[in-house]
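Take a look at the structure set out below.
Fair warning: this is a prediction, and the values are worked out from it, not measured in the lab.
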Amino acid sequence: MKVVNTRAQRLNHLVGRADRPGLSPAPEIVSRLADLGNELATAGGQVLDPLDLILERADLLGFSRAGANSCGGACRLLPTLDGWIAVSLARQPDRDLVPAWLECDDIDEHDDVWVTVGDSLIGCTKAHIVERARLVGLAVSVVGETRLDGRPPVLKTVRPARRPRATPVVVDLSSLWAGPLCGRILGQSGCRVIKVESTARPDGARGGSRELFESLNDQKQCVSIDFGTSAGRSHLARLFDDADVVIEASRPRALRHLGLGPATSSAAVWVSITGHGRVPPADNWVAFGDDAAASAGLVAWDGDGPCFVGDAMADPLAGITAATAVLSALAAGGGVLLDVALSRSAAQLVSP
């Protein structure tokens, strides 16, 4: 019990409101985090503490708890007429979509977009507002809407594939946090990892913490490819053909535009990391780590409503979950498509 309390204290400074004492995360959350580390080690991965990975970015950037505002400031928990939702406005294009989402006038550049959003939600039902957000491509979810319902957080589909090599080659096409973390763990577990970036749209994490980006990607071989040319697409196809594992974090339709995907690859394991999974209609829903965690109910409550737990926790949870699943699949001979959703990875901490 003493160990659990000590671990809970490590997370405490990222749970609750800034002007009040930190809230203790639920005991099952802390216990389940330890289980994730054990599961990774059992699958053949490096022995590590998932709590270290979850706190890594917050420690580097000096984040602290901010209540209904995410640690990074891009997501907020907001009340509607009949419940709470999580809204991520991480990029300027997201803010530009707010008038279309809320069916309101354009927002002046000097106005606070969060004030506009908060005022507009008061008379709306959560289902209506989330449905409209997903239609325009915003990362918005209902707090607690994701449930595992007895299904595992990783859905496996058997597919024809060659057997993996003794030293598996991993092609990492992902970006930001979850997918690159999966690739880093696989590299630390004996795989050779090749990080592939588009010359037109490199990994967005390059614009954030340099230390975190290097921590996630320094041990990988980096390749830049122009996806807009036939030569670039051919190069990418060859990398896929030679891979034992492919990691990607795009909505399924994105790779189909390039003529690539699980059906065209002979990789032993294809891992797809998305916000809410590959099953329609959720395959087109956008999500980031904070709103995905909130959708799983991974929040702490006080008298004023829900507070975020940790920093974008669905991201590192999905990365750890994906890496464990990949190692298990490789050991079993491969032949699987792994559907790893940020929201479902977070739900495994709070669902029975």
Side-chain angles (χ1 to χ4, degrees), residues 8-9 11-30 32 54-55 58 63-90 94-95 98 101-102 104 111-134 138-148 275-276 285-315 317 342-352:
Q9 290 169 5
L11 194 54
N12 178 272
H13 76 286
L14 294 179
V15 187
R17 304 187 192 276
D19 58 348
R20 305 176 198 175
L23 299 174
S24 296
E28 61 267 24
I29 291 177
V30 180
R32 181 60 182 142
I54 284 167
L55 297 175
F63 287 161
S64 59
R65 59 181 176 270
N69 296 355
S70 65
C71 293
C75 187
R76 299 198 182 184
L77 298 167
L78 299 169
T80 68
L81 186 65
D82 59 348
W84 290 82
I85 64 172
V87 179
S88 285
L89 299 176
D94 298 328
R95 293 174 173 81
V98 168
W101 166 37
L102 300 177
C104 65
D111 293 339
D112 186 338
V113 67
W114 287 112
V115 172
T116 300
V117 171
D119 290 345
S120 299
L121 296 182
I122 294 174
C124 298
T125 63
K126 59 190 179 184
H128 170 73
I129 206 69
V130 169
E131 180 183 16
R132 282 204 53 81
R134 287 168 173 167
L138 286 175
V140 179
S141 60
V142 175
V143 173
E145 68 179 341
T146 301
R147 291 290 183 267
L148 294 184
H276 296 281
W285 298 350
V286 179
F288 297 102
D290 286 305
D291 58 271
S295 81
L298 186 53
V299 295
W301 294 82
D302 65 9
D304 293 326
C307 300
F308 285 102
V309 172
D311 169 34
M313 276 183 64
D315 271 309
L317 289 173
L342 298 184
S343 58
R344 294 179 64 80
S345 297
Q348 66 183 319
L349 259 67
V350 293
S351 295

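R344 and E145 are not joined by a salt bridge, as no carboxylate oxygen comes within less than 4.0 angstrom of a charged side-chain nitrogen. Between D291 and R76, none of the side-chain N atoms (NZ, or NE/NH1/NH2) sits under 4.0 Å from a carboxylate O, so this pair counts as no salt bridge.
The main-chain N or O of A74 is found under 3.5 Å from a side-chain atom of S70 such that the two form a donor-acceptor pair. Listed for the W101 side chain is no donor-acceptor partner under 3.5 Å among the backbone atoms of R95. No side-chain donor-acceptor contact under 3.5 Å links N12 to the backbone of V15. Between the side chain of S343 and the main chain of G275, a donor-acceptor pair closer than 3.5 Å is present. Side-chain atoms of D82 come within 3.5 Å of backbone atoms of K126 as a donor-acceptor pair (strictly under, hydrogens ignored). Side-chain N or O atoms of R65 include none that pairs as donor or acceptor with a backbone N or O of A18 at under 3.5 Å. In this structure, D290 contributes its side chain and A312 its backbone to a donor-acceptor pair below 3.5 Å. Formation of a donor-acceptor pair under 3.5 Å by the E131 side chain with backbone atoms of H128 is not found in this model.
Between the OG1 atom in T146 and the CD atom in Q348 there is a gap of 12.5 Å [rounded to 0.5 Å]. Rounding to the nearest 0.5 angstrom, the gap separating the CG atom in L138 from the CZ atom in R132 is 10.5 Å. To the nearest 0.5 Å, the span separating CG on L102 from OG1 on T116 amounts to 8.0 Å.
Under the 6.0 Å distance and 45° angle rule, R134 counts as a cation-pi partner of W285.
At a threshold of 4.5 Å between non-hydrogen side-chain atoms, the residues L55 and F63 do not count as touching. Between L298 and M313 there is a side-chain heavy-atom pair separated by less than 4.5 Å. C307 has its side chain within reach of D302: a pair of non-hydrogen atoms, C-beta onward, lies under 4.5 Å apart.
Among all heavy-atom pairs drawn from A346 and A293, the shortest one is CB-CA, 3.9 Å. When all heavy atoms of I129 and C124 are compared, the closest pair comes out as CD1-SG, 4.1 Å. Across all non-hydrogen atoms, the minimal contact from G310 to L11 is CA-CD1, 4.3 Å. The heavy-atom pair separating W301 from V143 by the smallest distance is CZ2-CG1, 4.2 Å. Across all their heavy atoms, A58 and D311 have their closest contact at N-OD2, 3.8 Å. Taking all atoms of both residues into account, the shortest heavy-atom contact from L77 to A294 is CD2-CB, 3.9 Å.
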**OP:** May I have the step-by-step check of side chain to side chain contact (heavy atoms under 4.5 Å, CB included) for S141 and I85, ending in yes or no?
**Re:** CA-CA 6 Å; S141 60; I85 64 172; over 6 Å; no
Original post:
Taking it one step at a time, do T80 and I122 satisfy side chain to side chain contact (heavy atoms under 4.5 Å, CB included)?
Top reply: CA-CA 5 Å; T80 68; I122 294 174; over 6 Å; no
Original post:
Passes side chain to side chain contact (heavy atoms under 4.5 Å, CB included), L342 versus H276? Steps please.
Top reply: CA-CA 6 Å; L342 298 184; H276 296 281; over 6 Å; no
**OP:** For side chain to side chain contact (heavy atoms under 4.5 Å, CB included), just list the numbers for L14 and F308, CA-CA rounded to whole Å, side-chain angles, deciding distance to a tenth of an Å, and then say yes or no.
**Re:** CA-CA 8 Å; L14 294 179; F308 285 102; over 6 Å; no
